[in-house]
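What you see is a predicted model; the values in this text were computed from it and never measured. Positions are given from 1 along the sequence.
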Amino acid sequence: MRLSTLSAIGAALLHSTAFAAGIETRPVSFQNEGVTLAGTLYLPADYKPGEKRPGVLVTGAWTSIKEQMSGLYAEEMAERGFIALAFDFRGWGQSGGNIRFKEDPAAKTDDIVAAADYMTTLPEIDAGKIAGLGICASAGYMAAAASGNPDFTAISLVAPWLHDKAIVERIYGGADGVSRLIAISREAEEAERNGQPRMIVAASANDSTALMYQIPYYTEPTRGLIPQYDNKFNLASWEPWLTYDSVATGDRLDKPTLIVHSEAAAVPQGTHAFLARLHGDASEIWLDGVTQFDFYDNPQHVTRAADAAGAHFERINKGT
């Protein structure tokens with residue numbers, strides 16, 4: 001099934017089944033490679049002790065923590081009847097890890113695998129009905145983690161940032177620009193080994209050396225610039241990030257997949273290339289004029305994306 005517009009799936013998908021209030025949250029933790037990862041579990045308002053509900057594992061954009069967009073979408077999933085988990089990756093937020101603030105696709109993918117495995121052990125969750133919802137950069141990580149993994153039944157990717165070598169060079173100043181950043185990354189990696197990690201500010205409205213200078217959401221205290229946000233970026237991130245081919249994860253993805261995106265959001269060409277590689281149950285919804293950052297917290301667009309993801313997961317859980 002491939003859908004090109006939101007209207008193609010009908011007005012029923014836009015109807016939210018959310019409960020107005022009463023979502024219960026619980027702090028949880030689990031282990032991966034000897035490191036404790038911190039998470040928040042979201043339970044529906046009408047959850048009754050002893051029930052087993054379908055689960056949704058939610059992950060967010062690069063440099064983000066569980067109190068940002070992943071937590072918001074986890075709450076949205078709980079409002080739609082799922083038990084949802086948002087967590088901090090190794091080295092970020094409240095999670096442990098000696099290497100801090102490094103955007104490492106391989107490590108983050110491994111953390112998603114560990115989080116899904118942890119969800120299968122929770123008595124509140126139906127272990128045979130766990131889905132993944134990846135936002136922005138973690139879309140590629142989620143797709144990789146779900147591929148060949150029996151813990152996942154389906155995934156949904158919201159505003160996915162999916163890139164390959166050509167897209168990376170287009171965004172980061174051509175082959176020379178990418179080479180310069182990789183050289184910085186290798187120097188930072190060596191410094192890290194010597195106990196001197198090299199960090200920069202992740203987001204700033206005033207500091208032009210920040211990773212995200214004058215970028216919406218991350219620089220706004222009423223949106224992403226919350227007190228819990230680490231707001232740091234390890235320069236050793238550049239090589240693993242720039243050499244990661246998230247488009248190619250589509251070749252291996254074997255789970256029913258829904259993508260919600262917009263041509264006005266980030267790197268839509270990467271999503272089109274990713275979709276072309278899928279070989280199975282795949283659907284796509286393209287919203288008009290929605291920016292990348294609106295997908296993170298704009299109530300109208302979050303609701304539309306969450307409704308679509310919830311409907312997708314429910315369809316797969318029912319076997320239809």
Query raised in the report: Got a salt bridge between Asp294 and Arg304, using NZ or NE/NH1/NH2 to carboxylate O under 4.0 Å?
Result: no

Query - Sidechain-backbone polar pair: Lys52 side chain, Pro123 backbone, donor-acceptor under 3.5 Å - result: yes

Query - Candidate list Tyr218, Tyr229, Trp92, test side-chain hydrogen bond (donor to acceptor under 3.5 Å, both in side chains), partner Thr63, passing option - result: Tyr229

Requested in this report: Please report the C-alpha distance between Thr303 and Glu76 in whole Å, then the side-chain angles of each, then the deciding distance to 0.1 Å, and finally whether the side-chain hydrogen bond (donor to acceptor under 3.5 Å, both in side chains) criterion is met.
Outcome: CA-CA 8 Å; Thr303 296; Glu76 293 285 332; 4.6 Å; no

Report task. Could you please spell out the steps behind the ring-ring contact (aromatic ring centres under 6.0 Å, His included) verdict for Phe89 and Trp62? Result -> CA-CA 10 Å; Phe89 290 102; Trp62 75 343; over 10 Å; no

Query raised in the report: Is a side-chain donor-acceptor pair under 3.5 Å present for Ser179 with Asp176?
Result: no

Query - Residue of the set Leu235, Asp207, Thr209 for which side chain to side chain contact (heavy atoms under 4.5 Å, CB included) holds with Ile200 - result: Leu235

Query raised in the report: Same cluster or not: are Phe293 and Tyr73 linked, directly or through other Ile, Leu, Val, Met, Phe, Trp or Tyr residues, by side-chain heavy atoms under 4.5 angstrom apart?
Result: yes

Report summary line: Between the OH atom in Tyr118 and the OG atom in Ser29, the distance rounded to the nearest 0.5 Å is 6.5 Å

Query raised in the report: Do Lys102 and Trp241 meet the cation-pi criteria used here (NZ or CZ under 6.0 Å from the six-membered ring centre, within 45° of the axis)?
Result: no

Requested in this report: State plainly whether the residues Asp281 and Arg315 are in salt-bridge range, i.e. N to O under 4.0 Å.
Outcome: yes

Report task. Can you label the angle between the His272 ring and the Trp286 ring as parallel, tilted or perpendicular, going by 30° and 60°? Result -> parallel

